[in-house]
Number of protein chains: 2
Amino acid sequence: MKQRRNAKETRRKILEAARDEFASAGFEGARVDRIAESAGVNKNMLYHYFGNKDALFSVVLDEAYRDIRQQEAALELDHLSPLEAIKALVTFSWTYYLKNPEFIRLLNAENQLQGRHVKASADTRQINQTHLVRMKEILQRGREDGSLRDDIDPIQLNISIAALGFFYLINQHTLSTVYQRDLMSNEELDERLRVMQDTILCWVRR
Amino acid sequence: MKQRRNAKETRRKILEAARDEFASAGFEGARVDRIAESAGVNKNMLYHYFGNKDALFSVVLDEAYRDIRQQEAALELDHLSPLEAIKALVTFSWTYYLKNPEFIRLLNAENQLQGRHVKASADTRQINQTHLVRMKEILQRGREDGSLRDDIDPIQLNISIAALGFFYLINQHTLSTVYQRDLMSNEELDERLRVMQDTILCWVRR
DNA sequence: GTACTAACTAACTGGATAGTTAATTAATGG
DNA sequence: CCATTAATTAACTATCCAGTTAGTTAGTAC
């Protein structure tokens, strides 16, 4: 028999609906009534579990970061050469963005607010810690076996990898209009990944 | 004696205030009352000259595009080698973003709305036309003198150039928090430009 | 100088929106 | 089975906000 009350499930439904709403409308554009409705719960539940709109958004953001970093951490890169490992990270970030379009939109919303939620979150930093350590290790390996340049800053590299894909996808609407080309067709998406891999590998290679 | 009425001036003040407000708060976060107040005009003037919030935003966007493309067109690239010309374009886009932080924030706001204003604007496409033609010419020169690869797509290149700088700046808040580094210090900004030039030139060079 | 038009003002409106209140009902532990 | 707690509901509120109305006043053309 189905439970009539289920705190965990209700919380989950709210978070899912909130993620979609914040991603599609931004923080200011998002409507708490809409979140409640599409979660199928009473609006007061959002306030009961999360306090207010800002706090709800903070949790949504943290969850989003947690998910991408968790999936990234699951990649097995140790048996790959440094160059192959970096290529795999480029591919991962691209496919993650494609499969989870809310992710980049949430980050965008947060940056429009000057990162006020992540700045207040102790979690965020911790979640992204391993992400950086991992790249450092790859660069170290590449330095040792001579396949990579020895002056690559891991932060710059991580930023560039994210940038090439993120910008393309987040600005797909203006870019497709300006350049009069459908940048979201399968062929174009494949082509973009090739360009990104090419660009990044060319830069890090010795 | 100062005119008590001045249509052109009023229009200009509204546009300037609107640009700043839309840039700092996004479209949904922007308040027409705030625009009117900081422009020092009666709110009804916005409706008198522009119709509504959406139409006002459209004009602001068009003006923003017009400005960057105009300044870009003023660069004298013909006497530079293809490689130098591309490097100059990378530098230009970076310094333009730094000097006009509203620009990237406006584009961001527009993309959060799925580009609904640019899609409706015949101007936008026309304004960005020369931007693409110019890159095509540089690539052609480079192909002829053998300094550049012959398989570079000008659209991909333009996107990558914009991406490396745009992403860094628009996400400065989350990135600085996540990586625990002040990415907006002068040293870091200079370093980023070097990375961008290095990355792009490495990719296009034969 | 008069008639006309465009610039400008102030006060208003209606719907939307984040958040609250107060009560009800289901689960849980002893 | 009873008392307590947590989940849930519905109705409400105060504020905010884009857009409007109904007018006044300054330029301008003849």
Side-chain angles (χ1 to χ4, degrees), chain A residues 1-61 106 109-110 112-114 116-117 120, chain B residues 1-61 106 109-110 112-114 116-117 120:
Chain A
M1 176 208 157
K2 202 187 160 196
Q3 255 180 316
R4 297 215 207 157
R5 297 183 167 193
N6 192 331
K8 242 181 201 155
E9 177 66 7
T10 301
R11 225 185 106 98
R12 215 213 74 245
K13 284 194 289 186
I14 294 172
L15 277 178
E16 206 177 298
R19 184 199 60 203
D20 293 350
E21 174 71 8
F22 284 128
S24 74
F27 181 79
E28 298 275 0
R31 297 292 165 248
V32 291
D33 292 85
R34 215 148 48 197
I35 293 172
E37 203 202 323
S38 68
V41 307
N42 187 277
K43 179 167 61 145
N44 186 263
M45 293 288 90
L46 318 199
Y47 294 93
H48 184 62
Y49 288 115
F50 300 98
N52 58 35
K53 193 182 177 185
D54 272 281
L56 176 55
F57 186 63
S58 288
V59 178
V60 167
L61 256 185
L106 287 173
E110 171 66 354
Q112 194 144 93
L113 304 170
Q114 260 107 254
R116 74 172 185 234
H117 300 92
Chain B
M1 175 208 158
K2 202 188 158 195
Q3 256 180 313
R4 296 215 208 157
R5 297 183 170 196
N6 192 333
K8 243 184 199 151
E9 177 66 6
T10 299
R11 226 185 104 98
R12 214 213 74 246
K13 285 194 289 185
I14 293 172
L15 276 178
E16 208 177 297
R19 184 198 60 204
D20 292 350
E21 174 72 7
F22 285 128
S24 73
F27 181 78
E28 297 275 2
R31 296 292 165 249
V32 290
D33 293 83
R34 214 146 51 195
I35 293 172
E37 204 203 322
S38 67
V41 308
N42 187 278
K43 180 168 61 149
N44 186 263
M45 293 289 91
L46 317 201
Y47 294 94
H48 183 62
Y49 288 115
F50 301 97
N52 58 34
K53 194 181 176 185
D54 273 281
L56 176 55
F57 186 65
S58 288
V59 178
V60 167
L61 255 186
L106 287 173
E110 171 67 353
Q112 193 144 81
L113 304 170
Q114 259 109 252
R116 74 171 186 235
H117 300 93

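So that the names make sense, note that chain A is the first sequence line, chain B the second, and so on, each numbered from 1.
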If you define the side chain from C-beta out and look only at heavy atoms, does anything of A/Leu46 sit under 4.5 Å from A/Val41?
yes
Here the distance between atom P of C/dC8 and atom NZ of B/Lys8, to the nearest Å, is 14 Å
Between the protein and nucleotides 16-18 of chain D, which nitrogen or oxygen pairs are less than 3.5 angstrom apart?
unit_1 : atom_1 : unit_2  : atom_2 : d
D/dC17 : OP1    : B/Arg31 : NE     : 2.5
D/dC17 : OP1    : B/Arg31 : NH2    : 3.4
D/dC17 : O5'    : B/Arg31 : NE     : 3.1
D/dA18 : OP1    : B/Ala30 : O      : 3.1
D/dA18 : OP1    : B/Arg31 : NH1    : 3.3
D/dA18 : OP1    : B/Lys53 : NZ     : 3.3
D/dA18 : OP2    : B/Val32 : N      : 3.1
D/dA18 : N7     : B/Lys43 : NZ     : 3.4

Using OP1 and OP2 only, check whether a side-chain N or O of A/Thr10 sits under 4.0 Å from D/dT8.
yes
Value rounded to 0.5 Å, distance of CG in A/Leu61 from CG in A/Leu106:
6.0 Å
dist A/His48:NE2 -> A/Met45:CE (nearest 0.5 Å) comes out at 5.0 Å
With rounding to the nearest 0.5 Å, note down the distance linking CD in A/Gln112 to CD in A/Glu28.
8.5 Å
Could you tell me how far apart B/His48 (NE2) and D/dG19 (P) are, to the nearest whole angstrom?
17 Å
Side chain of A/Met45 (C-beta onward), nearest among C/dT25, D/dT24, D/dT8
D/dT8
For B/Glu21 and B/Arg31, indicate whether the former's side chain and the latter's backbone hold a donor-acceptor pair under 3.5 Å.
yes
So B/Phe27 and B/His117, would you call those rings parallel, tilted or perpendicular, with 30° and 60° as cut-offs?
tilted
Quick one: which of C/dT20, D/dA7, C/dA10 gets closest to the side chain of B/Asn44?
C/dA10
When we call it a touch if two heavy atoms are under 4.0 Å apart, what does B/Phe50 touch: a base, just sugar-phosphate, or nothing?
nothing
Of B/Arg5 and B/Asp54, the one whose closest DNA chain D nucleotide lies more 5'
B/Asp54
Would you call A/Leu56 and A/Tyr49 a side-chain contact if the rule is heavy atoms closer than 4.5 Å?
no
Can you tell me how far P of D/dA7 sits from NZ of A/Lys13, to the nearest Å?
14 Å
For the pair made of CD1 in A/Ile14 and P in D/dA7, what is the distance, rounded to whole Å?
11 Å
Please state how far atom CD in B/Glu9 lies from atom P in D/dG27, giving the value in whole angstrom units.
15 Å
Counting heavy atoms from C-beta on, name the nucleotide in D/dA6, C/dT9, C/dA7 closest to the side chain of B/Asn42.
C/dT9
Using atom CG of B/Leu46 as one end and atom P of C/dC8 as the other, report the distance to the nearest whole Å.
12 Å
Determine: side-chain N/O of A/Tyr49 to OP1/OP2 of D/dA7, distance under 4.0 Å, yes or no.
yes
